[in-house]
Amino acid sequence: MQQQVLIRTREMQVLEAERGKPIEVILRELYIDQGLTIEQVAGKLGFGSGTISRWLDRAGIVARRTGPRPETAADGQVA
């Protein structure tokens with residue numbers, strides 16, 4: 001399987017320079033590791049949620065499903 005090359009926009013390049021990390025790492029830390037929503041990532045980075053969604057896709061990060069999360073019972077089972 002061939003790895004996709006991420007074409008960086010000017011905004012991505014500026015963000016990488018400010019944070020000292022590749023955009024893929026920044027997105028993974030916020031979206032995957034910290035579990036933030038796309039909207040929360042957008043707010044932290046100062047971009048719209050559509051932009052962050054596109055960047056996640058370009059970086060090969062699969063977006064989580066949207067909508068309400070299933071309620072969890074006290075025993076940890078999905079209700």
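Since the model is a prediction, treat every value here as computed from it, not as a measurement. Throughout, numbering of the chain's residues begins at 1 and tracks the sequence.
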Closest approach of Arg8 to Pro22 (non-hydrogen atoms, all atoms of both residues) = NH2-CB, 4.0 Å
key: Ala59 backbone acceptor or donor facing Glu24 side chain under 3.5 Å   = no
Less than 3.5 Å apart, which donor and acceptor atoms pair up between the side chains of residues 26-35 and the rest of the protein, not counting sequence neighbours?
from	atom 1	to	atom 2	distance (Å)
Glu29	OE1	Lys21	NZ	2.8
Glu29	OE2	Lys21	NZ	3.1
Tyr31	OH	Arg64	N	2.6

For residues 40-50, dump all side-chain donor-acceptor pairs below 3.5 Å to protein atoms at least two apart in sequence or in another chain.
from	atom 1	to	atom 2	distance (Å)
Gln40	OE1	Thr37	N	2.8
Gln40	OE1	Thr37	OG1	3.4

remark   = Hits for side chain to side chain contact (heavy atoms under 4.5 Å, CB included) against Thr9, two or more places apart or cross-chain, chain-then-number order -> Glu11, Met12, Trp55, Arg58
inquiry  = Is there a path of hydrophobic side-chain contacts, each under 4.5 Å between heavy atoms of I/L/V/M/F/W/Y residues, joining Ile61 to Ile52?
reply    = yes
